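So that the names make sense, note that chain A is the first sequence line, chain B the second, and so on, each numbered from 1. These numbers come from the heavy atoms of this one structure, side chains and all, not from hydrogens, waters or symmetry mates. All figures in this text were calculated on a predicted structure; none of them were measured in a lab.
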There are 2 protein chains.
Amino acid sequence: MKQRPPTIKDVAEQAGCGIATVSRVLNGSGSASADTREKVLAAVDALGFEFSALGRSLQSNSTKTIGCIVPSLANPIFAEVVQAAQHEAHREGYQLILACSEYDEELELQAVRTLIAKKIDGLVLTVNNAEDSEALALIGKRQVPCSLVYNRSVHGLPSWAIDNRSAAREAARAFHGHGHVQTGFLALRFNRSDRSRERYEGFVEACRDYGMAEPLLLEIEEQDGNLLDLLGTLLTEHKSLTGIFASNDFLALAAMKAARALGRRIPENLSLIGFDGISTGLMVDPHLTTIETDPRTMGQGAVQTVLARLLGRPVPGQPAPDTTFRFRPGGSLGPPDPGRTDGREAATSLPSSEQPPNRLSSRQESPT
Amino acid sequence: MKQRPPTIKDVAEQAGCGIATVSRVLNGSGSASADTREKVLAAVDALGFEFSALGRSLQSNSTKTIGCIVPSLANPIFAEVVQAAQHEAHREGYQLILACSEYDEELELQAVRTLIAKKIDGLVLTVNNAEDSEALALIGKRQVPCSLVYNRSVHGLPSWAIDNRSAAREAARAFHGHGHVQTGFLALRFNRSDRSRERYEGFVEACRDYGMAEPLLLEIEEQDGNLLDLLGTLLTEHKSLTGIFASNDFLALAAMKAARALGRRIPENLSLIGFDGISTGLMVDPHLTTIETDPRTMGQGAVQTVLARLLGRPVPGQPAPDTTFRFRPGGSLGPPDPGRTDGREAATSLPSSEQPPNRLSSRQESPT
DNA sequence: CCCTGAATTGGAAACGTTTCCAAAATGTCT
DNA sequence: AGACATTTTGGAAACGTTTCCAATTCAGGG
């Protein structure tokens, strides 16, 4: 009965040779006679020896490990990013150490510290506020090969990110195209995410450009289970809005639900556009209109970028901004009910109009 | 300009003392004069020194790292498991190394090998087939502290798992209670998951006990994007079924969609029960009837179990089987349309009956 | 001012690898 | 058989820590 796992020394002893020889045989580096090779292999087999990555890493100054920090896995977008990152890393023989910042800058910084101490070879992460992130500062100082995901490039770091502003402009354009004027922007932890802010800013700008009213910022501080109630309150407080752009699909779907609970019909009484393009948006009726993004490509790209730098390969180019998202039509966006537009139009028809065009557009999903 | 990160040796030199002293000061072990303590701290500050976890781990024989293997993060259940596991590990100062087996036993085994080589202190994992898993065998041989998640206990390993059989019996009971006789069990990668099989077996048994027909096994081999088409085909091939129990919520929702595309109404023409209790089930209309599970508790519990063993604490008991799931009523389950039951009942009412009890039961959701 | 016990200190071994280097063994050619 | 080239081998250093242990310093009591 062995207690500790066998080391290379045990193998050497068993095989009757030096540890250097064992190392060479097992790594295929240097030469060895057929005889000793055989003896070493036999010893390895007998002892069930496996190299310890620790000694190896200490010596080689490389852990074959890359860190990955995302705000949360509750958001399927990040789950996909991580999944893709893990997959890509694995393909190249790297492991992934995962940390969740939980939208907390303190945790974020701490995670970076720990990962650096663990001597990760590279880092792939989404920070909460890229502009003035202590975490990124530390990364810069320590020169850790790194790529951002879902954050705009900053300090010259490579980044695989959505062009949030342009995407938000698309949403504004869609609203405008359907005749909406009074819109709102719905966000969950607005101050905790620069992504949300960028979407808001792009949306506001574009609404202004289209001559629409300034969008209302509908902000929800924390999600404590009563999200639907909070949304219900918000919706009743702002009856005049005909369209809401949500900073993510989950929020949009929740808003959809809350609006329905209030007896409002989608999209006649309220149009909704989400962000991210999670598959759930295609399970509801009508389909959620949204900005579709591709988290898998982002996660994969970020890892490739880091690995390329690590392995001295040509670093892949970052994605062209206009390819980072795609407007996905769906039935949750339609013309506002003329009966209750913001006072300027004549009120004529009843809220029962069953807009066929929306049904139609809700067919457009294509299973990815 | 320092190139490599500073080591304890650099600090010692800068502070003008031995490395042992630096170690003692920084770790608060052993004594040190106020004078040297100060000098060491100053040197640390000046150099920006941080311990390397590598040397430390090599010496202490502990990496403060635990491995986590799940089939995939695409399933929100596992995303939540991982999230909770990560959180719990972090709480105790441990990092999480993540690996996805992608429902592949080969990858699973390989992941275990790599993690062991990386000298993880413990392991938390969901395997595809617990009974005869090479991965588990290896874990057993190497004596890695470990806990299963979502797999039934095996080889005496601790496990945080759903009582799949009993849960499936609940589903059968519900179907029976509503008068269903001809049911089916829908699974995605049936042979790749013992969880799916257990659910099936429990369902079959219970259906037999209730005097219902033997459930049809509706198996989908691989998910290649045309999932909805495949489901559509399956549904038209098996028109006689009035209720389908799906091995997870995602499948159930997809089936719901596919059935609707065929013009069938839920639940009048087809009742559906899912498994897992993902929140998406509450976003659709009617709500998905399902077996609700608590992946967070499972992930957290598994990590606690492993950590307890690692830290010599009393190991928490595993959850009582009957607390591992909860039947969640929803509008997707209702009495079958008598007009097309399997021939034994009289056909009386029209398919337009708008079952109020189901609507009611669909209200029962409580935001977690 | 010397002695004792306690506090402080640094050298060195150990953890498991890889790799440099020189030594030993083997082979080849006159 | 001797000289030399080549292959095979193992000792030892290095990677960055912790910790044992012996040596040094210090404080205070005689």
Pick out the pairs of N or O atoms, protein on one side and nucleotides 18-20 of chain D on the other, that lie under 3.5 Å.
from, atom 1, to, atom 2, distance (Å)
D/dT18, OP1, B/Asn27, ND2, 3.0
D/dT18, OP1, B/Arg56, NE, 3.0
D/dT18, OP1, B/Arg56, NH2, 3.2
D/dT18, OP2, B/Ser23, OG, 2.6
D/dT18, OP2, B/Asn27, ND2, 3.2
D/dT18, O2, B/Gln59, OE1, 3.4

Using whole Å, what does the distance between atom C1' of nucleotide D/dT17 and atom CG of B/Asp10 come to? 13 Å
Any donor-acceptor N or O pair under 3.5 Å, side chains A/His90, A/Gln95: no
Sugar-phosphate, base or nothing in reach of B/Ser57, heavy atoms under 4.0 Å: nothing
Those residues at least two apart in sequence (or on a different chain) that pass side chain to side chain donor-acceptor pair (under 3.5 Å) with A/Tyr150 are A/Thr293
B/Arg4 CZ - D/dA14 P separation (whole Å): 13 Å
Which sits closer to the 5' end of DNA chain C, A/Phe49 or B/Ala34, going by the nucleotide each is nearest to? B/Ala34
To the side chain of B/Ser31, which of D/dT9, D/dC15, C/dA7 is closest? C/dA7
With A/Gln86, which residues qualify under side chain to side chain donor-acceptor pair (under 3.5 Å), at least two apart? none
In whole Å, what is the span from the CG atom of A/Leu54 to the P atom of C/dG16? 10 Å
Can a donor-acceptor pair be found between the side chains of A/Ser72 and B/Gln83 at a distance below 3.5 Å? yes
Taken to the nearest whole Å, CD/B/Glu13 to P/C/dG10 is 13 Å
Nucleotide D/dG10, atom C1' - distance to NZ of A/Lys39 in whole Å: 14 Å
Specify the separation, in whole Å, of atom CG of B/Leu26 and atom C1' of D/dG16. 13 Å
Evaluate side-chain hydrogen bond (donor to acceptor under 3.5 Å, both in side chains) for B/Asn129 paired with B/Arg197, printing each intermediate quantity in order. CA-CA 10 Å; B/Asn129 288 292; B/Arg197 276 202 304 282; 2.5 Å; yes
Could you state the atom-to-atom distance from NZ of B/Lys9 to C1' of C/dG11 in whole Å? 12 Å
Round to a whole Å and report the spacing from CG of A/Asp35 to P of D/dG10. 11 Å
Short side-chain donor-acceptor distance under 3.5 Å, A/Asn128 and A/Ser193: no
Taking the side chain as everything from C-beta on, heavy atoms only, tell me whether A/Val112 gets closer than 4.5 Å to A/Arg142. no
What is the nucleic acid contact for A/Gly55, judged by heavy atoms within less than 4.0 Å: base, sugar-phosphate only, or nothing? base
